[in-house]
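Read through the structure below, which is laid out as C-alpha cells, and then see the notes.
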Amino acid sequence: MTEHVHRDDFGSRLGMWLFLVTEMVLFGGLFIAYSAMRHRYPMEFHQAGAELNATLGIINTVVLLTSSLTVVLSIVAMQRGDKKRTIGFLSSTLVLGLVFLIIKAFEWSAKFHHGLYPNAPHLATLPPGEQVFFGLYFSMTGLHGLHIVAGMGVLAWVLYMVIQNQVRADRYVHLENAGLYWHLVDVIWIFLLPLFYLAA
Amino acid sequence: MDAHTTSEAQAHPGYGTFIKVWVVLLLLTGTLVGLSHVGQTAAVWGLLTLTPLKAGLVFYFFMHLKYEGPLLKAVVLVTLGTLLIFFALLFSDVAFR
Amino acid sequence: MTAQPSFLENTGSRKGILAWILSTDHKRVGLLYLYSMVSFFFVGVTIGVIMRLVQLTTFQHLVTAQTYNALFTLHGVIMIFLFVVPGLPAVFGNFFLPILIGAKDVAFPRLNLASWYFFMIGATLAILSLFTGGGAPDTGWTFYAPFSIKTGTNISLAVFGAFILGFSSMLTGINFITTIHRLRAPGMTWFRMPLMSWALYSTSWIQLLATPILAITLVLVILERFFGIGIFDPAKGGDPLLYQHLFWIYSHPAVYIMILPAMGAISEILPTFCKRPIFGYKAIAYSSMSIAAVGSLVWAHHMFTSGMSNVAQMVFSLLTMIVAVPSAIKVFNWVSTLYKGAIDFQPPLFFALSFIFLFCIGGLTGVMQGALAINIHIHDTYFIVGHFHYVMFGGTGFAFFAALLYWFPKMFGKMYSKKAIYASWFPMFIGFNMLYFGMMILGMMGMPRRYYVHLPQFHWMHVFATVGSWFLALGLLGFFGTLLYAIFKGEKAEDNPWGGVTLEWTIPSPPPLRTSKRFQPSPRAPITSRRRTRRD
Amino acid sequence: MEWMKQASTSAEKSDAVFFFVFGLSLLFLVFITALMIYFVIRYSKKRHPKAAQIEGHTGLEIAWTTIPLVLFLAIFYYGWTNYEYMRLAPRDSMVIKVTARQWSWSFEYPNGKQSKVLFAPLAKPMKLEVRSADVVHGFFVPSFRLKIDAVPSRANTTWFEATKLGSYDIECTVICGVDHSLMLSKVIVVPEDEFKAWYFGGENAPEPGKNLPAPAAVNPVNEPVGLVIMRAKGCLECHSIDGKPMVGPTLKGLLGLKEEVLVGKQTRTITVDEAYLRTSIQDPMREVVKGYPPAMPLDPLTDQELTDVVAYLKTLK
Ligand code: HEA
Ligand code: HEA
Ligand code: CUA
Ligand SMILES: [Cu+2]
C-alpha cells in the first residue's frame, strides 16, 4: 500500500472531495433559493417552465450522462494500462461536452429571440414570478455552463498529461480527480433538468 | 482509525459495471420524462424520488464512492445533511410567512 | 542541530523578498499572512478612530455623510474579511498546525501559498473598489438588497473582492482538514491532538460548508447589478428577505470561524502557564465540534425584525440559546484549569484571562439579543455594535494578541519586554470597556447604528466612548510598538521559554526552514495539552 | 431611568425580560471573574508550587452543561412569551399605513388622512402596517421598544399602546443611503379627544400636540403630470423645484445650464439638454454632478413617465 515515492493519493482525493463539498454547497444555495421562489410563485413557475424547450433539455441530459460514462471508462482503461483507450474515452468526453455547450447556446439564443432574458422589455411585462423564473434559469444554467467549460479545461489538461505519460497506470490520481469534478457537474445537471424543464 | 484504506486495496470494477449503471440512468431519465407528461403531481413526485436516485447512482458508482472508505462517504453525507438542514430552516420562514 | 539555519534566514535558492512570496513553507506563509493582516488591521482601526471622531461632534465637519457610510462599510469589510475571519487560522494555524501534530507541512503547500495570493487579490479588489466606479460602497458590510442593487456606488467590485476572499478561506479549510486527517505523526491519535488542532478542524468544516453560500449570494448580487435577474429585487418579484437569509447562512457561522480558533489558542495557553493538563480535554474538543454544528443553524437571529414568519422566529431564538451551551462549557473548563495549578503569571496568560472576561461579556449580551422580546428593542442599535466588538475584538482580537505573545518567541526567536506589555494592557483594557460598554448603553437608549449624526440625547455617551477609544489607541500602539521593537532589538529567546509541552516547544526558536525529519515524536513523548506526562 | 423611557405597554414586557437576563448575566460574570482572580492569587507558583494533575471531572461537566441549558431555555421561553404580546395587535386596533422611502416616513390613517409625524391617542391600541417604496428601512420607536423593518413589496405589521403623553423619536434603523441618519420623525401621543378632534376635523383641523406649523399645503389640482410622477416616485425627497439644493441638486432652471459632471474619474463640463436629462434620470451614475454624492437610486421610469418628467423639468425656469 505504501509506495516508496512520497505520495498520498488518498489525501489528494480527500482534498478533491472537500473541494467538491464547496461546489455542492454553492449549487445547493441556488437550489434552496429556487425552492423558496418556487414556493412563492408555483403557478408562474409552471407557466414559465412551459416556455422552455424540454426536448433540448432531455437531449442534453443524455449527452452529459454519456460523457460521464466515458470519463469513468477512461479510468478503467487507465487502470488496465490501456493508454489508447484512455485517450479515446477522454476525447469523446470533451466532444460531448462541446455538444452540450452548442445545444445550450441554441437554446439560449432562442430565448433571447423571444425577449426572454433579464432586463428585456418583453420580460418586464410578464408577471413577477415569471421574471424570477427566467432570472434563476439564466443564472443557474449559466453557472452550470461555466462549470462545464472549466471541467473541459481540466479534462483537456489531464488528456495532455496522459499523452505525455505524466498520468500513468501507477499514477493517475489527477485523472480520477478531474473525473470527480466532471461527474459533479453532471449531477448538478441531473437536478436542473426536472427543476426547469420537466416539473416546473 | 478511519478510512486510511486506499482504493488500490480493492479490485477495480470493469467496463461492464459502469455501462450497466449508465443504462439504468438513461432508463430513469426516460421514466422522469414520461412522468412529466402524466401530469404536474406525477412530475413533482418523479423529481423528488428519481432525481436523487440518479444522483446517488452517479455518486456511488461513477464517483467511486462504493469503493472508498467510510471517510469520503461521511464527507458527502455531512454535506447533504447540512444542505437539508439549511433548506428545512429556511422553509420555517418561507413556508409560514 | 544548532547548525541548521532558521526559516527566517534565506536558505532557499531565491533571494530577498522572492524567498518569501514564492515560498510554500507553511511558516513563511503564516508570516506573510501575519504581516498583511496586521497592516489591514491598522487601516481598519484607524477608520474606527475616525468614526469615533465623527461622533464626537454633533455638527459634522470631518467627513460627509456619504463618506461616513463608506467608512463603516470599509471598516466592517476589512475587519471581518481581512482580519478576524482569516486571523488565527491563517497565521497561527498555518505556522503551528503542522508542527503541533508532527507533520512536515500542510497537505497541499502550493495551494496554501495560492490561498495567500487569493487573499491579497481579494483584499486589493476590495480596496480598489473605493477609488473606481461610482465610489466607495455605502451599504455596510452586510450588503443588504435591494439597497446594494440600487445604490450607485461600486458594490460589484467590492463584492467580487469578498468572493475571492471566500475562496482563499475555503482553500485553507480544505488544506487543514486534509492535513489533520492524513498527516498526523504516528502516535498522534485524535484525542492526543492539541486542542488548537481540534479548533482548527472544526473551523475548517464551517469554512467549507458555509462559505460557498456567501460566494453564491455575492455572485447573485453581481448578476443582479449587471443583468437585473430579479431574484432579490422586489420590483421584479424577487425577495429581499431571501438575500438576508442567504447572507446570514454564511455570516453567522462566520462568527464561529472567528472565535473557534481563538478558543483553541486559549486552550493551549492556559495549561502551559498553569503547569497542569487542561480541565476536561474531551469536553472542550467536543464543544468545538458542536459549536461548529449548531452554529450553522441559528442564522436568522439577525432577522427577528425583518418580518419573518413567527415559526422561524421561535425556532431561531430557541436554537440561538442552544448554541450558547458549548461556549459555556468551555468557559467553565478554562476557569477550572486554573484550579490547583502552579500558576506562572506571564503576559500571554494575562491576555488569555482578559479574553475570558471580555468574551463572557460579549457572549452574555449575545444571549440577550437572542431573547426575542429584547432583540426587538436593540436590533440594529449600538447595543449590537457593542456586542460584536466585545466578541470580535475582546474575544478574537485579544486571543490573537495572547497567541501572538505566546508564540512570538517561537516565531521570531526573540523575547519582548514583559513590562512594556503589562503597561500597554492597562490603557487598552480600560479604554476598551469605556468604548464598547458605552456603546451598549447607547444602544439601550435607542441609538441606531450606522448613523452619521446622532440626536442630542446620545451625545454625552458618545463623548465618553470616544475618549475610551483614545486610551485603546494608546494601548494598541504600545503593544505593537513593543513587539516591533522586540523583532529587531529583542533578547534572544530560549527554545522553550514558557515550559510548554506541545511539540512546537521541542524544536529550536525560530524553527529551521524544513522542520522535516526532526519530527518523529515517539508515542511516549508528551505531546498534547491533554497530558503532561503519559502514564499508560 | 430617564434614558430608558418606557412609554408603551410593550416597553414593560421587553424590559422585564431584559432585567431578568441582565441579572443572570451579571451573576455569572461576577462569579467567573471572581473565581479567576481568586485562583490566580491562591494558586500562584509561589503559593502553590506543585500543580495537581487533574484531567477533568465528569460530574462537573454534566452540571455545567445542564444548568446553563436550563437557564438558557428559561430565557428563551420568557423572551418568546413576552414577544407574543409585543407582536399580536388586539382586534380593535386602529390600523395605520406607514410608508418608508428614502428618506422620510409618511402615515395614512383609516379615513385617508395623511401626516408626516405619527399622531396617536393615549391608551388606545394602534396597529401599524409598514411598507417601503424603495429599499429596506427600519421603523424604530425606542421609547415603545418597537421595531419592524419596512421591506419593499411586503407589509410587516406591529402595534403599540402608548402609556404616556409626549413626543417620541422615530428612527430608521436599516442603512438606506446617505441620509439614513436623518430619516427621523416623531410619534406624538395626545389625549384621545384631542386626537379625535384632529382625526374627524377635516382638512384644516389643527394638528394635535404642539403647534407645529402645518406642512406647506400642496394643491393637488392642476399639477403638471411630471410633478405628480416625481412626487409619487419620491424624487422630491432629494430634489427641490425651487432652487434649494438638497441631497441632490435642485431641478430648477436646469435646461441650458452649464455644469461640471464627473464621468468615472474625469471632470467634464456639459450643457444640460434633453438628452442629458434623460440619461441622468435613467442612468444616474453615468454622469454625476460635481459636489454631490452618487446617491441617486436607479428607479427606472417608463418611457411615457420619462417623457412627462423631462417635459416638466424643462418648464422649471
Ligand atoms: C466572534 C464573533 C461572535 C461571536 C462568538 C458571537 C456569539 C454570539 N452571538 Fe453574536 N454577533 C456577532 C459576532 C459574534 N457573536 C456579530 C459580528 C454580529 C452583528 C452582525 C451585524 O449585524 O453587523 C452579531 C450579532 C448577534 C445577534 C443579532 C443581533 C441583531 O442584529 O439583532 C445575535 C442575536 O441573537 C447574536 C447572538 C450571539 C450569541 C447567542 C452568541 C453565543 O455564541 C455566545 C455564547 C457565549 C456565552 C453565553 C458566554 C459564556 C457562557 C457563560 C458564562 C455561561 C453562563 C451564562 C448564562 C447561564 C446566561 N449575535
Ligand atoms: C475585529 C473586528 C473589529 C475591530 C477590532 C474593530 C475596532 C474598532 N471599531 Fe469597529 N466594527 C466592526 C469590527 C471591528 N471594529 C464591524 C464588523 C462593524 C460593522 C460595520 C457595519 O456596520 O457594516 C464595526 C462598526 C463600528 C462602528 C459603528 C459604526 C456605525 O454603525 O455607525 C464604530 C463606531 O464607532 C466602530 C468603532 C471601532 C473602534 C473605535 C475600534 C477600535 O477598537 C479601534 C482601536 C484601535 C485603535 C484606536 C488603533 C490604534 C492605532 C492608531 C490610531 C494608529 C494607526 C497608525 C498607523 C497605521 C501607523 N466600529
Ligand atoms: Cu431609511 Cu435608513
Ligand atoms: Cu449571529
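Chain A is the first sequence line, chain B the second, and so forth, proteins listed ahead of strands; every chain is numbered from 1. Keep in mind that the numbers below use all heavy atoms, side chains included, and drop hydrogens, waters and symmetry copies.
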Answer key: most heavy-atom pairs under 4.5 Å with chain A among C:Gly173, C:Gly230, C:Gly228, C:Ala107 is C:Gly228

So for atom CZ, which belongs to C:Phe226, do other residues, nucleotides or ligands contribute more than 12 heavy atoms lying within a distance under 6.0 Å?
no

Would you please go through residues 134-161 of chain A and name the residues with a non-hydrogen atom below 4.5 Å from one of chain C, in numerical order?
A:Gly135, A:Leu136, A:Ser139, A:Leu143

With chain A as the partner chain, list the residues of residues 296-305 of chain C whose heavy atoms fall under 4.5 Å from it, by residue number, and write 'none' if nothing qualifies.
none

So CZ of A:Arg40 and CG of C:Asp239: to nearest 0.5 Å the spacing works out to 4.5 Å

For the student: nearest non-hydrogen atoms of A:Pro128 and C:Gly237, plus distance
CB-CA, 3.4 Å

Chain C contact via A:Ala33 - side chain, backbone, both or neither, heavy atoms under 4.5 Å:
both

Spacing of A:Tyr34 atom OH and C:Ile231 atom CD1 [to the nearest 0.5 Å]:
12.0 Å

Would you give the length of the straight line joining atom CE of A:Met16 to atom CD1 of C:Ile174, rounded to the nearest 0.5 angstrom?
9.0 Å

Taking atom CZ as the centre, does A:Phe106 end up with more than 12 heavy-atom neighbours from other residues, nucleotides or ligands that are less than 6.0 angstrom away?
no

When only heavy atoms count and the cut-off is under 4.5 Å, which of residues 199-209 of chain C reach chain A?
C:Trp205, C:Leu208, C:Leu209

Max heavy-atom pairs within cutoff under 4.5 Å with chain C, candidates A:Trp17, A:Tyr41, A:Phe27, goes to A:Tyr41

Is there side-chain contact between C:Lys236 and A:Val132, with heavy atoms separated by less than 4.5 Å?
no

Taking atom CZ of C:Phe167 as the centre, report whether more than 12 heavy atoms of other residues, nucleotides or ligands fall under 6.0 Å from it.
no

Enumerate, atom names and distances included, each donor-acceptor pair closer than 3.5 Å involving a side-chain atom of residues 213-222 of chain C, sequence neighbours excluded.
unit_1   : atom_1 : unit_2   : atom_2 : d
C:Thr217 : OG1    : C:Ile213 : O      : 2.5

Scanning both residues in full, the closest heavy-atom pair of C:Leu246 with A:Gly29 reads CD2-O, 4.4 Å

